[in-house]
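Every number for a ligand or one of its atoms is a count from 1 in the order of the listing.
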Amino acid sequence: MSTPLRILGIETSCDETAAAVVLRDERGGRILGDVVLSQLEEHSAYGGVVPEIAARAHVEALDTLIEEALLRAGVTLKDIDAIAATSGPGLIGGLIVGLMTGKAIARATGKPLYAVNHLEGHALTARLTDGLSFPYLMLLVSGGHTQLILVKGVGDYERWGTTIDDALGEAFDKTAKLLGLPYPGGPAVERAARAGDPERFDFPRPLVGDARLDFSFSGLKTAVRQAAQSLEPVTNEDIADICASFQRAISRTLKDRVGRGLKRFKEDYAAVDEPALVVAGGVAANQTLRTTLQGLCDEHGFRFVAPPLQLCTDNAAMIAWAGAERLAAGLPPDSLNVAPRSRWPLDTQAQALIGSGRRGAKA
Ligand code: KG4
Ligand code: ZN
């Protein structure tokens with residue numbers, strides 16, 4: 001590919017409104033302008049994302065954010081080669097806002113539109129940040145998803161494992177809520193755990209030893225609730241110990257589940273010189289989890305790739321990049337009639353599991 005591509009990306013699938021311009025040339029990718037507006041404050045009073053509030057907030061902010069991203073990139077719409085907008089999975093109101101805006105820009109400028117799967121954005125980010133080659137494994141751990149995905153190529157994914165009930169971020173959020181910690185729960189649990197004793201509670205490690213590569217976290221949440229109830233009233237020390245023990249159970253679960261995935265990758269792709277595991281999603285911010293995955297990768301001879309945090313959580317640079325990858329791979333753009341999809345698995349062959357990604361919407 002000789003000419004550099006400049007892609008405008010739009011992301012509105014959950015509670016972040018984001019726009020970005022990314023460049024892709026023969027040397028790789030570069031972010032030219034990237035803006036993310038978090039709606040955390042709008043939702044925190046409700047202890048979770050309120051879809052209607054999210055959609056309205058996207059409408060209010062998106063146009064300005066797109067202008068800002070173009071400005072930071074030092075380009076105008078004329079310099080853009082294609083528009084990439086998240087069209088699923090996610091909260092339908094937000095998806096409509098972003099996709100319709102993308103369509104309007106595509107129509108007005110005559111440029112092609114790519115309707116991007118949000119999960120594909122997460123899956124391909126490591127090629128933007130670290131220039132990874134296919135195939136590689138990705139662990140996506142966010143508020144709505146917990147999936148182990150084999151990334152074989154652009155548009156070519158195999159889901160090796162998924163949660164059969166709660167997503168990992170959801171388990172953190174629910175644990176925080178029942179311990180009276182603030183939303184979002186992940187950072188609060190991680191903070192509390194620092195002062196805690198990880199050995200005090202022996203919480204369950206669901207599916208450890210199971211031959212499949214799936215995950216389950218709802219039993220862990222129940223065990224946390226029972227522990228907290230048995231101690232009523234809980235002290236700060238109890239909370240710290242519960243959080244530390246909760247994180248320890250998760251580390252052990254991931255070690256087993258992801259460890260099996262790494263082994264399978266080595267068996268199936270013995271010829272890959274430098275196998276890699278990529279982590280993505282908001283839970284990837286967790287230091288205990290990162291240390292566990294790094295150790296696991298060292299043990300199995302894998303390169304561990306954790307993109308910078310602002311690119312692990314929801315952003316539009318990953319959507320622009322996915323559009324650039326699709327364009328560069330010669331995949332056709334989408335019709336302006338394309339519809340947003342609140343559910344849209346990356347691996348369309350994978351069996352739908354009851355409960356998996358129940359919040360469904362979030363990625
Ligand atoms: O990917 P993300 O920003 O948003 C979506 O889910 O779409 O992920 C948010 C999730 C929340 O459940 C939050 O509690 C969790 O990521 N999270 C963390 C940490 N920071 C965010 N979980 C554990 N430890 C953290 N430090
Ligand atoms: Zn996401």
Open item on the list: Using a 4.0 Å heavy-atom cut-off, which part of Asp173 comes near ligand 1: side chain, backbone, both, or neither?
Closed with: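 The answer is the side chain of Asp173.
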- [ ] Measure from the Zn ion (ligand 2) to every N/O/S atom of Asp314 and report the name of the nearest one.
- [x]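 Of the nitrogen, oxygen and sulfur atoms in Asp314, the Zn ion (ligand 2) lies nearest to OD1.
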Open item on the list: What is the name of the N/O/S atom of His118 that is nearest to the Zn ion (ligand 2)?
Closed with: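 The nearest such atom is NE2.
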Element-labelled atoms of ligand 1 that are located less than 4.0 Å from some non-hydrogen atom of [X]:
X: Gly169; value: 12 (O)
X: Thr313; value: 3 (O)
X: Gly144; value: 6 (O)

Task: Pairwise salt bridge (charged side-chain N to carboxylate O under 4.0 Å, His left out) hits with a residue in residues 297-312, at least two apart - done: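 Applying salt bridge (charged side-chain N to carboxylate O under 4.0 Å, His left out) to every pair that reaches into residues 297-312, excluding sequence neighbours, yields Asp130-Arg303, Glu274-Arg303.
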TODO: Using the salt bridge (charged side-chain N to carboxylate O under 4.0 Å, His left out) rule, collect all pairs that involve residues 61-71, keeping only residues at least two apart or in two chains.
DONE: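 Checked against salt bridge (charged side-chain N to carboxylate O under 4.0 Å, His left out) - neighbours excluded - the pairs reaching residues 61-71 are Glu68-Arg72.
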- [ ] Flag His122 as yes if one of its N/O/S atoms falls below 2.8 Å of the Zn ion (ligand 2), otherwise no.
- [x]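 It does: His122 brings an N, O or S atom closer than 2.8 Å to the Zn ion (ligand 2).
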Open item on the list: Would you compute the distance between atom CZ of Arg326 and atom CG of Leu124 and round it to the nearest 0.5 angstrom?
Closed with: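 Output value for this atom pair is 8.5 Å.
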TODO: Please answer whether the main-chain N or O of Thr162 pairs with a side-chain N or O of Asp214 as donor and acceptor at a distance below 3.5 Å.
DONE: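 Side chain of Asp214 to backbone of Thr162, a donor-acceptor pair under 3.5 Å: yes, one is there.
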- [ ] Flag the pair Arg205 and Asp256 as a salt bridge only when some basic side-chain nitrogen lies within less than 4.0 angstrom of an acidic carboxylate oxygen.
- [x]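 A salt bridge is absent here (no side-chain N lies under 4.0 Å from a carboxylate O).
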Do any nitrogen or oxygen atoms of [X] lie less than 3.5 angstrom from nitrogen or oxygen atoms of ligand 1?
X: Cys312; result: no
X: Phe172; result: no
X: Asn286; result: yes

Open item on the list: Would you say that more than 12 heavy atoms from the other residues, nucleotides or ligands in this model lie under 6.0 Å from the CZ of Arg30, or not?
Closed with: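 No, because the 6.0 Å sphere around CZ of Arg30 holds 12 heavy atoms or fewer from other groups.
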- [ ] Using heavy-atom distances, let me know which of Gly143, Ala188, Ala176 sits nearest atom 10 (C) of ligand 1.
- [x]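 Residue with the shortest heavy-atom distance to the ligand atom: Gly143.
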Task: For atom 16 (O) of ligand 1, the option (of Gly281, Gly282, Cys14) bearing the nearest heavy atom - done: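 The option holding the nearest heavy atom is Gly282.
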- [ ] Hey, can you tell me if Phe302 and Phe265 have their rings parallel, tilted or perpendicular (30° and 60° cut-offs)?
- [x]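 Perpendicular: the ring planes of Phe302 and Phe265 meet at over 60°.
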Task: The single option from Leu70, Ile66, Ile7 passing side chain to side chain contact (heavy atoms under 4.5 Å, CB included) against Val21 - done: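 Among the candidates, only Leu70 passes.
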